[in-house]
Every structure is written in C-alpha cells, then in structure tokens.
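Data block below; observations after.
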Number of protein chains: 2
Amino acid sequence: MNEPHGKNPETASGDAAPKAVVERLSLYLRELQKLNKDGADTTSSTQLGRLLGLSDAQVRKDLANFGQFGYPGIGYRCDELIPKIKDILGTNHRWNVALVGIGNLGRALLGYSGFENQGFKIVAAFDQDPSKVGQMIEEVEVRPIEQLEAEVQRLGIRMAIIAVPRTEAQAIADRLVAAGVVGILNFAPVRLSLPTDVRGAGVDLAIEMEQLAFAVVNRSGCQNRENA
Amino acid sequence: MNEPHGKNPETASGDAAPKAVVERLSLYLRELQKLNKDGADTTSSTQLGRLLGLSDAQVRKDLANFGQFGYPGIGYRCDELIPKIKDILGTNHRWNVALVGIGNLGRALLGYSGFENQGFKIVAAFDQDPSKVGQMIEEVEVRPIEQLEAEVQRLGIRMAIIAVPRTEAQAIADRLVAAGVVGILNFAPVRLSLPTDVRGAGVDLAIEMEQLAFAVVNRSGCQNRENA
DNA sequence: TAGATTGTTAATCGATTAACAATC
DNA sequence: TAGATTGTTAATCGATTAACAATC
C-alpha cells in the first residue's frame with residue numbers, strides 16, 4: 001500500500017509476473033537455444049531484441065524482473081541464461097505428461113518433438129476405443145481410459161493434454177484433476193471448469209484463424225510484424 | 001500530433017485496433033453465438049463481462065472501438081452484434097483454405113469442425129507422399145504438391161495452413177505466397193519469413209506447455225483465471 | 001415513469017521506452 | 001584505457017476502470 005511505486009529487488013521475483021513478460025520469456029529462451037546451438041557464447045539485449053522485434057530496453061527490463069543475469073559490458077552468457085529462464089518457467093526438470101484421446105490430433109501430439117525438446121515427455125496415453133488400446137505409438141502404449149487414475153498416480157504425472165471430443169472433455173478433466181493433475185492443455189473446443197488451484201490453457205485453432213483473417217483484411221501494408 | 005488525446009469517433013474505426021482488443025472480439029463472438037443458440041435475444045456488457053471474466057466497461061469500450069452496436073437501456077441484440085463482429089474480423093464471408101501436409105496433424109485439421117463453424121473451409125489438401133495422393137479425407141481429395149499453385153489459383157484461395165515438417169515449411173510458404181495466399185497459419189516450428197503484405201501466425205505448442213508449466217509452478221492459489 | 005444500460009469522458013493504472021551511472 | 005552493455009530510474013505512452021449524462 002505504501003510502497004512508493006517501483007518494485008524493489010527483494011520482492012521482484014516474488015511478485016506476480018505480468019503475463020506478457022512470461023510469454024516473452026519463452027521467446028528469449030528459444031532464441032538463446034538457437035544462438036547457443038550456433039556456437040554463440042554471449043548475446044546482448046540489443047541482439048535478442050533485434051531477433052525478436054523488441055527494444056533492447058524491454059529485453060533487459062523483462063529479465064530484470066527475475067534477477068540479475070547479465071554482465072555490464074559483456075551481455076548475457078547463453079550457457080547461464082538458458083537454465084535461469086528454464087528455472088523461472090519451471091521447465092528445468094522433466095515433466096511427465098499424460099495424453100488423453102488418441103485420434104489424429106493425439107497421434108500428432110505424440111510425434112511432436114517440440115514437447116520433448118522443452119522438457120515435456122508424454123509418458124502415458126489413453127483412449128476409450130478398444131481397438132486403439134495396446135497400440136504402441138512413438139514408444140508409448142495406449143491404455144484403456146479406465147487405467148487413467150492408476151497410471152497418473154503411478155507415474156507421478158502432474159500435467160496432461162486433453163485431445164478428446166468436446167463432449168468428453170470436462171469429464172476427463174475432472175478425472176485428471178482428481179488423480180492429481182494440476183495443469184491441463186485442452187484442445188477440445190470447450191471452456192473447462194477447473195478448481196482454482198489447477199491451471200488450464202485452451203488451444204482454440206478457430207480463434208487463431210479468425211485473428212489471422214482480421215490481420216489479412218486489415219493489412220494496410222504497414223504493420224509488418226512477421227510472427228510466424 | 002495535436003489531437004488532445006482521445007480518439008474521435010470518425011477516426012476510431014480507421015485506427016489500427018489494438019491487438020488485445022481484437023483477441024477479445026473473438027471471445028465476444030463465441031459467447032454471443034452460444035447465447036444466441038440458447039435462445040437469448042439480447043445480452044449486456046455486464047453479462048458478457050461476467051461470462052468472460054472482464055469488466056463491463058471493458059466490453060463496452062472494446063465494442064465502441066468499431067461503432068455503436070448497443071441500445072441504451074436494452075443492451076446488445078445477439079442477432080445484430082454477431083454479424084457486426086464477423087464483419088470486423090473479416091469472417092462474414094467464407095474463406096477457402098488450403099492445407100499443406102497430410103500427416104496426423106493435417107488429418108486432425110481436416111476433421112476439425114471448429115474451422116467450418118467460423119467460416120473457414122478447407123477446400124484443397126496437398127502432400128508430397130504419392131501414397132497419400134488421391135485419398136479422400138473429409139470429402140477433400142489429397143493432391144500432389146505439384147498442383148499447389150494451379151489449385152490455389154483455380155479456387156481463389158487466400159489463406160493456407162502449413163502442417164509439413166520444419167524443413168519444408170519455408171519453401172511451401174514461398175510457393176503459397178507466390179500463388180496468391182495472403183494469410184498463413186503455420187504449425188511447423190520455424191519462424192517463416194514472409195513479405196510484408198502477407199500475414200502469418202504460428203502455433204507453437206511447446207510454448208503453450210511452457211506457459212502452462214509456469215502457471216502451475218507459480219500458482220499461489222490466488223489468481224484463478226480459468227482460461228481453458 | 002423508474003430501472004436498466006449504453007457510449008464516452010476523465011482518472012487510474014500498468015507497461016514500454018529513453019536515458020544514464022555503474023561496471024566489465 | 002575506451003568501448004560496450006548492463007540494471008535501474010524517470011518519462012512516456014497506452015490500456016483499463018470508474019463515473020455519468022443520454023437514452024430506451
């Protein structure tokens with residue numbers, strides 16, 4: 001209440017970080033990983049900003065929210081900053097993930113290498129359909145939905161992906177939560193209702209297309225942000 | 001330069017609309033469609049706000065960016081507001097869409113009803129693999145990639161979805177653009193480089209998971225935004 | 001009419017940018 | 001040392017909220 005206005009260093013990392021900042025953190029991480037792979041030892045706020053279309057000041061400010069990671073006169077050491085950002089995002093340890101619904105989308109997700117690269121490993125897959133049960137897909141065996149609770153608990157799974165039809169999604173979410181899952185990525189076009197201590201994120205592809213349509217219709221040549 | 005500060009009504013609809021506002025427009029549209037289906041004739045900024053976790057003031061302000069759609073004392077007529085928002089988003093007419101890459105993800109996208117519900121119709125599908133060419137999936141015939149340009153032009157396609165491996169994505173994008181496509185939804189984990197008059201949007205599922213992990217790790221019970 | 005709800009203005013709040021002393 | 005670049009403060013900018021006259 002009577003804090004002047006700035007946030008002091010001590011409370012900084014404890015403060016609720018602005019959502020937009022955390023989103024950019026993911027982008028910084030990707031660029032750093034790319035730079036590191038290409039053999040760069042260090043980078044700078046200017047370089048990161050240029051690569052991502054942001055100002056250097058913003059890059060520094062964003063990172064400063066979480067600590068002091070850079071070296072004046074030198075910049076940021078990729079080797080050091082990458083794990084720091086992973087610490088912040090919570091991806092510095094592997095997350096075991098459950099996938100429910102092995103339709104075309106589920107299969108695609110099982111084969112998606114991007115998850116594993118960033119520390120998410122699908123270790124359990126479930127489907128209702130007996131003809132799918134027992135199949136091995138990308139080294140994961142499809143199990144009957146009845147085993148959901150047992151497997152989630154056995155493997156200590158805390159994050160899950162829902163790729164079932166709309167009508168099943170809420171029921172699956174409830175079961176996952178009851179079994180101990182605290183984060184759900186939902187592809188079904190429904191808004192899940194979840195307990196307040198469980199986090200959910202919905203991927204709505206129709207909305208992505210809609211936003212793209214707007215951008216297409218309103219492109220007056222100028223705002224050339226290439227975010228693809 | 002010497003405009004006091006507010007935006008006056010005349011320039012309002014011509015101004016570049018803030019990205020955040022347009023995103024919420026999609027959310028309003030969904031709720032309105034739902035309300036309409038449930039038989040509601042009218043709704044209010046208060047109701048829409050409550051359904052979406054926004055303030056009534058924000059709902060009104062967002063809509064006021066694009067015109068006067070409401071009736072004092074009554075609210076908004078669903079029947080009227082839905083097409084108005086579609087006009088703004090550019091989805092009041094059907095978009096023919098091309099899909100390139102018929103792997104598991106491509107198949108899932110072909111079967112995704114959410115696109116068609118919102119005015120996007122996949123009318124052409126392409127794949128490199130001769131064994132896939134000729135297959136009918138969801139009433140769309142898979143064509144060889146060589147026919148991409150000809151079909152895009154024949155069908156007047158202006159939006160496309162890329163669901164090919166990372167290594168192919170840029171080349172496909174270039175061909176799509178050359179054929180006249182002006183909006184690309186990209187699922188390959190690469191940043192496409194596109195001409196400034198072409199719009200792109202990337203869906204990066206690893207980033208979604210990362211953001212979710214952060215939300216899980218930092219959930220201190222409180223911020224219970226259920227965005228699923 | 002009284003109650004409800006809009007569109008809009010002014011006030012508040014938060015996020016981005018610019019600038020610079022401190023540091024390597 | 002001189003040049004580069006950080007973290008941070010102050011200034012700017014934009015977005016959200018509160019309030020209310022106008023309207024049905």
Side-chain angles (χ1 to χ4, degrees), chain A residues 1 3-13 15-25 27-28 32 35 40-50 52-78 80-81 84 223 225, chain B residues 1-13 15-25 27-28 35 40-50 52-78 80-81 84 223 225:
Chain A
M1 278 305 169
E3 291 239 33
H5 43 263
K7 53 181 70 168
N8 76 47
E10 283 185 330
T11 63
S13 71
D15 276 355
K19 191 165 162 300
V21 172
V22 181
E23 280 176 20
R24 288 194 295 269
L25 237 38
L27 302 180
Y28 300 150
L32 284 162
L35 286 165
D41 285 337
T42 65
T43 185
S44 66
S45 54
T46 311
Q47 183 179 36
L48 280 174
R50 199 183 46 242
L52 291 164
L54 306 169
S55 72
D56 59 324
Q58 182 158 60
V59 175
R60 291 198 298 281
K61 198 108 218 283
D62 283 348
L63 294 172
N65 270 291
F66 304 96
Q68 303 197 166
F69 305 128
Y71 302 88
I74 293 176
Y76 301 91
R77 296 195 213 284
C78 302
E80 277 178 29
L81 189 51
K84 292 284 189 189
Q223 73 248 30
R225 185 170 314 162
Chain B
M1 277 308 166
N2 53 8
E3 290 238 32
H5 44 261
K7 55 180 66 162
N8 76 45
E10 282 186 331
T11 62
S13 70
D15 277 353
K19 191 166 163 296
V21 173
V22 182
E23 279 175 22
R24 286 194 296 269
L25 235 39
L27 302 180
Y28 300 149
L35 286 165
D41 286 338
T42 65
T43 184
S44 67
S45 54
T46 310
Q47 182 178 38
L48 279 174
R50 198 183 48 243
L52 291 164
L54 306 169
S55 73
D56 58 325
Q58 182 157 60
V59 175
R60 290 198 300 279
K61 198 110 217 282
D62 283 348
L63 294 172
N65 271 290
F66 305 95
Q68 305 197 164
F69 305 129
Y71 302 88
I74 293 175
Y76 301 92
R77 296 196 212 282
C78 302
E80 277 179 28
L81 189 50
K84 292 284 188 188
Q223 73 248 31
R225 184 170 315 161

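Order of the sequence lines fixes the chain letters, A, B, ..., with proteins taken first and strands second; residue numbering starts at 1 for each chain.
Here the P atom of nucleotide D/dT5 and the CG atom of A/Leu81 are 15 Å apart, to the nearest Å. Following rounding to the nearest Å, B/Asp41 (CG) and D/dC24 (P) show an atom-to-atom distance of 19 Å. Rounded to whole Å, the distance from CD on A/Gln47 to C1' on D/dA4 is 14 Å. Computed from coordinates, the A/Leu54 CG to C/dA18 C1' distance equals 16 Å when rounded to whole Å. Rounded to an integer number of Å, the gap from B/Tyr28 OH to C/dT6 P is 12 Å. The distance between atom CG of A/Asp56 and atom P of D/dG7, rounded to the nearest whole Å, is 12 Å. A straight line from CZ of A/Phe66 to C1' of D/dT8 spans 16 Å, rounded to a whole angstrom. Atom CD of A/Gln58 and atom C1' of D/dG14 are 13 Å apart (whole Å).
Interatomic distance, CG of B/Leu25 versus CG of B/Leu63, reported as 6.5 Å (0.5 Å rounding). From A/Tyr28, atom OH reaches atom CG of A/Leu81 across 10.5 Å, with rounding to the nearest 0.5 Å.
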Candidate pair B/Gln47 and B/Leu35, rule side-chain contact (heavy atoms from CB on, under 4.5 Å), full reasoning: CA-CA 10 Å; B/Gln47 182 178 38; B/Leu35 286 165; 4.0 Å; yes
Criterion salt bridge (Lys or Arg N to Asp or Glu O under 4.0 Å) on B/Lys19 and B/Glu23, from CA distance to verdict: CA-CA 6 Å; B/Lys19 191 166 163 296; B/Glu23 279 175 22; 3.0 Å; yes
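Map A/Ala57 and A/Gly75 each onto its nearest nucleotide of DNA chain D; the residue landing nearer the 5' end is A/Gly75. Each of A/Ile74 and A/Lys61 has a nearest nucleotide on DNA chain C; the 5'-most of these lies closest to A/Lys61.
Residue B/Ser55 has a polar side-chain atom (N or O) positioned under 4.0 Å from OP1 or OP2 of D/dT17. Note on B/Arg60: a side-chain N or O is less than 4.0 Å away from OP1 or OP2 of C/dT6. B/Tyr76 has a side-chain polar atom (N or O) that falls below the 4.0 Å cut-off from OP1 or OP2 of C/dG7. Taking side-chain N and O atoms only, B/Gln68 has no distance below 4.0 Å to OP1 or OP2 of C/dG7. Here A/Arg24 reaches the OP1 or OP2 of C/dT16: one of its side-chain N or O atoms lies under 4.0 Å away.
For B/Ala64, whose side chain is taken as the heavy atoms from C-beta onward, the closest listed nucleotide among D/dT5, C/dG7, D/dT16 is C/dG7. The side chain of A/Ser45 has D/dT6 as its nearest neighbour among D/dT6, D/dT17, C/dT16. In the set C/dA22, D/dG7, C/dT6, C/dA22 carries the atom at the smallest distance from any side-chain atom of A/Pro72.
Contact annotation for A/Thr46: no contact, since no heavy-atom pair falls under 4.0 Å across all strands.
Among the duplex regions that DNA chain C forms, those built from at least three successive Watson-Crick or G-U pairs under 3.5 Å are C:3-24 with D:3-24, ordered by first number.
In this structure a side-chain-to-backbone donor-acceptor pair under 3.5 Å is present from B/Asn65 to B/Asp62.
For the 3.5 Å distance criterion, the side chains of B/Glu80 and B/Tyr71 qualify, holding a donor opposite an acceptor.
Listed here is the closest heavy atom pair of B/Ser45 and B/Asp56: CB-O, 3.5 Å.
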